[in-house]
2 protein chains.
Amino acid sequence: MGKPNDLVQGTLDLLILKTLSLDAMHGWAIAKRIQQVSGEVLQVQQGSLYPALHRLEQQGWIKAKWQESETGRQAKFYALTAAGRKQLEAEAANWSRLSAAINLIVSEV
Amino acid sequence: MGKPNDLVQGTLDLLILKTLSLDAMHGWAIAKRIQQVSGEVLQVQQGSLYPALHRLEQQGWIKAKWQESETGRQAKFYALTAAGRKQLEAEAANWSRLSAAINLIVSEV
DNA sequence: AAAGTTGTGTAGACCGTCAAGGTATCAAGG
DNA sequence: CCTTGATACCTTGACGGTCTACACAACTTT
């Protein structure tokens, strides 16, 4: 099933921020949730996930805290910051703008 | 105007193929047309355009022919091949699939 | 004469993703 | 007890598409 690309380049930050806006969770859970909600279409590789999380944390858009996971193990829970909420809005707007523009082309007659 | 990214990474091939499916045209005109049809949202830089055209030609999806442009100058006109039409279908389907999946996440409540 | 438009092209840097590996803990099955 | 699989974190290196910034050429406009 894994088609050529499992992600659209540049949208991972948006996906993570949006997912975290619903609930704080750890990296592993974020990946699982994106995969599940997208109907198994989007696959987040760990080599994409963790660098992205560190990137977002460094930008101050998310904040990490070690906590016990549902399975009783220590896991790094990420939560959206205020700046992250703003960034999410900006990225979501940008995505709408760009995907709408692309659809204009694709549906051209 | 010029936001961070003028394109969504990985969609340029689709945009070019789709544009050429309506009419054979030269590179410069392709870029202008994408920009115009998208309402000036999508900007195709020359450093993206020409490599992409060469890539597509090498894949056998488009074919070049020198012809006189509307302004009376020589220009390289590109036309979609049969394989290119197939590729366009595949890329369009993939875009639908992926963008729909992303929208599922983004519009999550 | 200079500047702008059309038109093609390249070089190098940038950066996000992917493939592939590593570490560790815990649960379940043989 | 030992292995397998799931959970959970992480890094390294390669890859590839896009961007910035150039260069070149011909023709038009100011």
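The basis for the numbers below is simple: all heavy atoms, side chains too, and nothing from hydrogens, waters or symmetry mates. In the text below, chain A, chain B and the rest are named by the order of the sequence lines, each starting its count at 1.
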Compare side-chain N and O positions of S69(A) against OP1 and OP2 of dT7(D) and report whether any pair is under 4.0 Å apart.
no
Please classify the nucleic acid contact of G72(B) as base, sugar-phosphate, or nothing, using heavy-atom distances under 4.0 Å.
nothing
Just the rounded figure in Å: distance from P of dC24(D) to NZ of K76(B).
19 Å
When all nucleic acid strands are considered with a 4.0 Å heavy-atom cut-off, which category describes L49(B): base, sugar-phosphate, or nothing?
nothing
For G10(A), report the nucleic acid contact type (base, sugar-phosphate, nothing); a contact means any heavy atom under 4.0 Å.
sugar-phosphate
Under 4.0 Å from OP1 or OP2 of dC26(C): is there any side-chain N or O of T71(A) that close?
no
Separation of H26(B) atom NE2 from dT6(C) atom P, in whole Å?
10 Å
Whole angstrom is fine here: how far is it from CG in L42(A) over to P in dC18(C)?
10 Å
For atom OH of Y50(B) and atom P of dG7(C), their distance in whole Å:
9 Å
From dC9(D), dC19(D), dT8(C), pick the nucleotide closest to the side chain of A75(B)?
dT8(C)
Specify the separation, in whole Å, of atom CD of E57(A) and atom P of dC9(D).
12 Å
Is S48(B) close enough to dG17(D) that one of its side-chain N or O atoms is under 4.0 Å from OP1 or OP2 there?
no
Base, sugar-phosphate, or nothing for G47(B), non-hydrogen atoms under 4.0 angstrom?
base
At 4.0 Å (heavy atoms only), tell me whether Q46(A) reaches a base, stays on the sugar-phosphate, or touches nothing.
base
Value in whole Å for how far the C1' atom of dT17(C) lies from CD1 of I34(A):
14 Å
With respect to the side chain of E70(A), which nucleotide from dT17(C), dA8(D), dT8(C) is positioned closest?
dA8(D)
Any N/O donor-acceptor pair, R73(B) side-chain to dA26(D) base, under 3.5 Å:
yes
Do we see a donor-acceptor contact under 3.5 Å between the side chains of H26(A) and E70(A)?
yes
Find the distance L53(B):CG to dG9(C):C1' and express it as a whole number of Å.
11 Å
Option from T81(A), L80(A), D13(A) for which side chain to side chain contact (heavy atoms under 4.5 Å, CB included) with I62(A) holds
L80(A)
The side chain of Y78(A) is closest to which nucleotide in this list: dC10(D), dT8(C), dC19(D)?
dC10(D)
Worked verdict on R33(A) versus E108(B) for salt bridge (Lys or Arg N to Asp or Glu O under 4.0 Å)
CA-CA 11 Å; R33(A) 182 151 233 278; E108(B) 217 180 339; 2.3 Å; yes
Of all the heavy-atom pairs spanning E91(A) and W61(A), show the shortest one and how long it is.
OE2-CZ3, 4.4 Å
Residue closer to the 5' end of DNA chain C, P51(B) versus V8(A) (nearest nucleotide):
P51(B)
Work out which heavy atom in A52(A) is nearest to a heavy atom in L12(A); give both atom names and the distance.
CB-CD2, 3.7 Å
What integer distance in Å separates Q9(B):CD from dC14(C):P?
16 Å
Using 0.5 Å steps for rounding, measure from the CZ atom of R55(B) to the OH atom of Y50(B).
14.5 Å
